[in-house]
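We number each residue from 1, following the sequence as shown.
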Amino acid sequence: MQIEYRKEEKQFHLCNGNISYIFHVMENGQLGHLYFGKQVHTGRSYLYLQKQRSHCHTAYAYENNFCFSLDTMRQEYPAYGTTDFRDPAYQLVQKDGSRITDFVYTGHEIVEGKPKLPGLPATYVEAEEEARTLVVYLKDELLQVEMQLLYTMFSDYDAVARSVRFVNKGKETVALNRALSMSLDFFDSDFTMLQLDGTWARERYISERILQKGIQSVGSLRGASSAVHNPFLALKRKNTTESDGEVYGCSLVYSGNFLMQAEVDHYDVLRVMAGIHPSEFCWQLHPGETFQTPEAVMVYSCQGLNGMSQTFHELYNRRLAHGRWRERVRPILINNWEATYFDFNQEKILDIARKAGELGVEMFVLDDGWFGKRNNASQSLGDWTPNYDKLPDGIRGLAEKITAMGMKFGLWFEPEMVNRVSELYQKHPEWVVHTPGRRMSVGRNQYVLDYSNPEVVAYIGDLMEAILDDAPVSYIKWDMNRNITEAFSTSLEADRQGEFFHRYILGVYALYERLTNKYPDILFESCASGGGRFDPGMLYYAPQCWTSDDTDAVERIKIQYGTSLCYPVVSMGSHVSAVPNHQVGRVTGMDFRAAVAYFGTFGYELDVNRLTGEEQLQMKAQIAFFKKYREVIQLGRFYRLRSPFENQGDAAWICVSQDKRTAVLATYKVLARVNPRMKKLLLRGLDAELEYSLSGRDETYYGSELMNIGFVEDLEFTGYNVRDNGTIIYDNGSDKGDFTAHIYVLESR
C-alpha cells in the first residue's frame with residue numbers, strides 16, 4: 001500500500017496491490033482524474049490519459065490555448081461556470097451573489113491511518129498500517145476559503161474512501177449551496193447502472209438501466225435515506241456477471257437526504273457524484289467555521305458483482321460497525337409485535353417468553369406499547385416512562401423476570417417522534433418540526449421532533465438513559481416511522497433554515513453516539529418502518545437493521561438478495577413470522593420461512609403458544625441448526641448464485657466459512673412446475689482441492705467439481721410414479737409443491 005507523488009507531473013497514485021487510483025494537478029491548479037481500477041505500475045507518468053484536442057464549439061480557460069477546456073476534461077472535484085458546463089460537485093455563494101470560484105492546489109500531506117470525521121459516521125482503522133490518507137489542499141485566494149479533499153486507501157480492502165472539508169479562513173460568510181462527497185469522471189459511459197429501489201414492504205429491489213446521454217439519478221428528500229432509493233449505486237460493464245467482469249460500486253455513509261447521480265456528456269464521458277442532496281441544502285459557512293461532508297466509499301472489482309459486494313461486506317463488518325457486536329454472531333430473538341401488537345399485559349408477555357426460552361430462543365424483545373398510555377398508534381410517543389397498567393412491575397421488573405429465565409431482554413423505542421396526544425407535546429409543542437403559520441401534515445398520527453435542536457436531543461437522551469440505567473436491557477430496536485414535512489426549526493436563524501435537514505441527522509447521530517458510548521454492550525438495531533433508513537450511516541452505530549416490515553418469506557427473498565449487493569448478511573434483521581402472513585396473507589411452510597430468515601440475524605415474530613406441537617418441534621430444530629451454523633452464515637463469505645429477479649422468483653445463495661471448510665447452501669423455489677428441466681448450480685467460494693460431503697446425500701464432491709461442473713439440484717415432480725398394490729414404491733420428484741427451500745450443509749472431509 002502506498003501513496004506516490006510525482007513532483008514533476010504533480011501526479012498522485014494511490015494503490016494497495018490490487019487497485020490504483022490516479023489523478024494530477026492540471027495547469028490551472030485544479031485536479032484532473034486519470035484512472036481508477038485494477039492496479040497498474042507505480043513510478044510512471046499517466047498524464048497521457050488526459051490528452052486533449054481542440055474543439056471548435058466550446059470555451060477555453062486560457063486565451064490562445066485551444067486544448068484546455070474544462071468542458072472536456074476529466075476532473076476530481078469540479079466546479080461550474082469556468083468552462084465546465086456539467087453539474088458541479090460544489091457551489092459557494094459569496095456576499096456579492098457570485099457563484100464563481102477558483103480553488104487551486106496549494107499542497108498536500110500523507111497521513112498514516114485514517115482521520116475521524118467529526119460528528120459523522122465513517123469507516124475507520126485500528127492501526128495506522130491499515131490505511132493511508134492523502135489530504136489535498138486547494139484554496140480560493142479571493143474568498144480565503146480552503147478546500148481539503150480526503151482520500152483513504154485501505155491495505156486490506158479494494159476501496160477508496162473520499163470526503164471533503166471546507167474551511168472558511170476569510171472574513172466574509174459564504175453559503176455552501178452544494179457540497180457533495182465525491183465526483184469521478186470515467187473515460188467512457190459503456191456501463192449498466194444498478195440501483196436499489198422500492199417502497200415500504202418491498203425495499204431494495206435491484207433495478208438496472210443502460211446509461212444514456214444526460215443525467216440519471218437516485219436520491220431522497222424525505223429526511224431519511226428512504227425505502228424508495230438507497231444511497232448506493234453500481235456501474236458494471238455489459239458482460240459483467242456475478243462472478244466475472246468489471247464493476248464499480250459507490251456507497252454513501254449517510255442517513256439523510258442524498259443524491260447519487262450519473263451524467264453522460266456530449267463526448268460519452270461519464271461523471272458520477274454522490275453526497276448530500278443539494279435541494280433544501282444551504283450551509284452558512286462563517287469565518288473560522290468548517291464544514292465536513294459525509295464519506296463516500298468507492299469499490300472496484302474485476303471479479304463481478306459478488307467481488308464488489310464482498311468488499312463492501314468485509315469493510316462494513318470490520319471497519320464500519322464498531323463496538324462489542326462487530327464481527328460477532330447475533331442472539332436469536334423473539335419479538336412480540338406481530339404476536340400481540342398493542343394488546344398485551346405482563347402475563348401474556350411472560351407466557352410467550354417462557355415458551356420461547358424452552359425452545360432455545362436467546363432474547364425476548366418487547367415492541368411498541370410499553371410506555372405512557374400507549375394502547376394504539378395515536379398516543380404517548382415521547383413519553384418514555386413505563387405503562388404500569390400493562391406492566392405492573394415496570395420495565396425493570398419484566399426484564400428481571402425474563403433474564404431469570406436465562407434470556408436477554410430487548411426494548412423498542414421510537415425516539416425521534418411524538419404524538420399530539422402526549423405529555424411531551426403538551427409541554428413542548430415548539431419542539432415539533434413545523435413551519436410557523438402553516439398547516440402541519442401528519443403521518444401515522446405522529447410528528448417529528450426537531451433533532452436539529454440539541455435541547456430536544458438531550459431531553460430524549462435523558463429519558464432513554466433513565467430506562468436503561470434502571471433495567472437490564474441488552475438490545476434496543478430504534479424505530480423511525482415517519483418522514484419529514486414542513487421542514488423548519490424554531491431554534492435556527494432564518495439564514496440557517498437550509499441547514500435543517502443536515503443538522504437533524506447530525507442530532508440523530510449525536511444521540512446514537514451518546515447511547516452507544518454509555519452502553520457499549522447493548523446491541524442496537526435500527527428500523528424505519530422496516531428498511532426506510534437502511535444505510536451505512538446507521539450501521540456505524542447499529543450493526544443491524546430491520547430489513548423490511550414485510551416478513552413474508554417469498555417477498556423477503558428479493559429484499560434480502562437486493563440488500564446483499566452492498567450490505568452484509570449479519571446486518572439484515574430477519575424473522576420467521578406467523579401465517580397467513582400479516583402483510584400479504586400468504587401461507588408458507590415453517591421450514592420455508594426459516595430457510596429465508598436464516599440468512600440474516602434470524603429470529604421469530606409470532607406467538608409460540610399458538611403453534612402446533614409439530615411446529616414447536618420444527619422451531620426447536622431450526623434454532624439448534626442455526627446455533628450450529630450461524631458463524632458460517634453471518635460471518636462467512638456470501639455469494640449470490642441465482643437471482644429471483646430473473647428466475648420467476650426462484651433464487652439460490654451460499655455462505656462459505658472463512659477457512660472454506662464449511663458452507664451452507666440455500667435454494668428456493670416459489671411456484672411448482674410440472675415435468676421441468678433439470679437444474680444445476682455452479683457453486684462459488686469453495687476450496688477446489690477439498691472434498692465435501694453434503695447433508696442428505698451419500699456422494700462426496702470436490703470443490704472443483706461443484707464450482708466448475710456444478711451442483712445438480714433436487715428433482716421436481718415429473719408425473720411418473722410406480723405403484724405396487726396401491727403403495728408408491730418409486731416417486732420421481734423430491735421437490736414438490738409451491739414455496740419449497742432446500743438447505744445443504746457442505747463439510748470438508
Side-chain angles (χ1 to χ4, degrees), residues 5-12 23-34 47 50 52 58-65 67-111 115 118 133-151 162-183 185 273 275-276 278 281-293 495 498-499:
Y5 177 62
R6 291 176 60 87
K7 187 174 181 179
E8 183 177 349
E9 296 92 355
K10 294 185 178 180
Q11 174 186 286
F12 298 93
F23 62 95
H24 72 120
V25 181
M26 299 186 293
E27 61 187 270
N28 67 345
Q30 297 174 19
L31 303 183
H33 180 73
L34 296 172
L47 296 190
Q50 192 66 285
Q52 293 296 303
T58 190
Y60 302 96
Y62 302 104
E63 193 169 351
N64 297 322
N65 182 349
C67 290
F68 190 87
S69 173
L70 297 176
D71 189 23
T72 59
M73 302 289 281
R74 289 183 294 128
Q75 300 168 65
E76 279 295 299
Y77 200 67
Y80 171 80
T82 57
T83 74
D84 189 344
F85 302 97
R86 293 165 287 182
D87 265 14
Y90 68 97
Q91 184 184 73
L92 281 72
V93 182
Q94 298 134 56
K95 186 178 180 180
D96 63 1
S98 170
R99 291 164 168 76
I100 301 303
T101 56
D102 186 20
F103 282 91
V104 299
Y105 171 80
T106 60
H108 70 275
E109 65 175 323
I110 297 171
V111 179
T133 299
L134 170 67
V135 185
V136 181
Y137 297 92
L138 302 101
K139 192 172 184 180
D140 186 306
E141 286 295 334
L142 181 63
L143 296 180
Q144 287 295 296
V145 174
E146 182 177 78
M147 181 192 296
Q148 302 172 10
L149 273 59
L150 286 74
Y151 300 78
R162 289 185 59 182
S163 69
V164 183
R165 188 177 295 140
F166 293 88
V167 184
N168 189 345
K169 296 185 174 182
K171 298 180 180 179
E172 301 288 344
T173 298
V174 296
L176 273 172
N177 274 1
R178 188 180 185 99
L180 299 181
S181 299
M182 59 77 63
S183 180
D185 289 352
M273 295 189 290
I276 297 172
F281 173 81
C282 180
W283 193 274
Q284 299 298 316
L285 195 63
H286 291 284
E289 292 184 345
T290 297
F291 181 82
Q292 171 68 56
T293 72
D495 65 348
E499 302 173 13

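The two atoms that bring H33 and D185 nearest to each other are CD2-O, 3.1 Å, heavy atoms only. Across all non-hydrogen atoms, the minimal contact from M273 to S183 is CG-OG, 3.4 Å. The minimum heavy-atom distance between N177 and C282, with the atom names listed, is OD1-SG, 3.1 Å. In terms of heavy atoms, P287 sits closest to G170 at CB-O, 3.3 Å. Shown here for T82 and T101, the closest heavy-atom pair between the two residues is CG2-O, 4.2 Å. Summarising the geometry of I100 relative to S98, their closest heavy-atom pair is N-OG, 3.2 Å, with the distance given to 0.1 Å.
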**Message:** What verdict does the side chain to side chain contact (heavy atoms under 4.5 Å, CB included) test give for I110 and T133, after you've listed the backbone C-alpha separation in whole Å, the side-chain angles of each residue and the deciding distance to 0.1 Å?
**Reply:** CA-CA 6 Å; I110 297 171; T133 299; over 6 Å; no
**Request:** Give the C-alpha distance, both sets of side-chain angles, the deciding distance and a yes or no for side chain to side chain contact (heavy atoms under 4.5 Å, CB included) between E289 and Q284.
**Result:** CA-CA 9 Å; E289 292 184 345; Q284 299 298 316; 5.8 Å; no
**Message:** Between T58 and T72, is the side chain to side chain contact (heavy atoms under 4.5 Å, CB included) condition met? List the steps.
**Reply:** CA-CA 9 Å; T58 190; T72 59; 5.5 Å; no
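Distance CZ/F281 to CD1/I276: 5.0 Å, rounded to 0.5 Å. In this structure, N168 CG and T290 OG1 are separated by 8.5 Å, a value rounded to the nearest 0.5 Å. Taken from CG in L180 to CD in Q91, the straight-line distance is 11.0 Å, to the nearest 0.5 Å.
By the 4.5 Å heavy-atom criterion applied to side chains, V104 and N28 are not counted as neighbours. Side-chain contact between F68 and M73 is present, with heavy atoms from C-beta onward closer than 4.5 Å. Here the side chains of Y137 and E146 are in contact, with some heavy-atom distance below 4.5 Å. Using a 4.5 Å heavy-atom threshold, the side chains of Q50 and Q11 count as separate. The shortest distance between side-chain heavy atoms of R74 and F23 does not fall below 4.5 Å. Using a 4.5 Å heavy-atom threshold, the side chains of L31 and V25 count as touching. Side-chain contact between L150 and L134 is absent, with no heavy-atom pair separated by less than 4.5 Å. Using a 4.5 Å cut-off on side-chain heavy atoms (C-beta onward), T293 and R162 make no contact.
With sequence neighbours left out, the side chain to side chain contact (heavy atoms under 4.5 Å, CB included) criterion links E8 to no other residue. Annotation: salt bridge (Lys or Arg N to Asp or Glu O under 4.0 Å) contacts of E141 (sequence neighbours excluded): none. Taking the salt bridge (Lys or Arg N to Asp or Glu O under 4.0 Å) definition, one finds that E499 meets it with R496, R503, sequence neighbours left out. Partners of T83 under the side chain to side chain contact (heavy atoms under 4.5 Å, CB included) rule, at least two apart in sequence or in another chain, are A59, S69, L70. In this structure Y151 satisfies the side chain to side chain donor-acceptor pair (under 3.5 Å) test together with E76, sequence neighbours excluded. Shown here are the ring pair (Phe, Tyr, Trp, His ring centres under 6.0 Å) partners of F103, two or more places apart in sequence or in another chain: Y90. The ring pair (Phe, Tyr, Trp, His ring centres under 6.0 Å) check on Y5 picks up F12, H108, with sequence neighbours excluded. Scored by the side chain to side chain donor-acceptor pair (under 3.5 Å) test, K139 finds Q144 as partners (sequence neighbours excluded). In terms of the side chain to side chain contact (heavy atoms under 4.5 Å, CB included) criterion, residue partners of L142 (sequence neighbours excluded) are, by chain and number, D140. Residues that satisfy the side chain to side chain donor-acceptor pair (under 3.5 Å) test with E172, not counting sequence neighbours, are absent from this structure. The side chain to side chain donor-acceptor pair (under 3.5 Å) check on R165 picks up Q148, Q292, with sequence neighbours excluded. For D87, the salt bridge (Lys or Arg N to Asp or Glu O under 4.0 Å) partners two or more places apart in sequence, or in a different chain, are R178.
Using bins of under 30°, 30° to 60° and over 60° for the plane-to-plane angle, the ring pair F166/Y77 lands in the tilted bin.
For the pair Q30 (side chain) and L138 (backbone), a donor-acceptor distance under 3.5 Å is absent.
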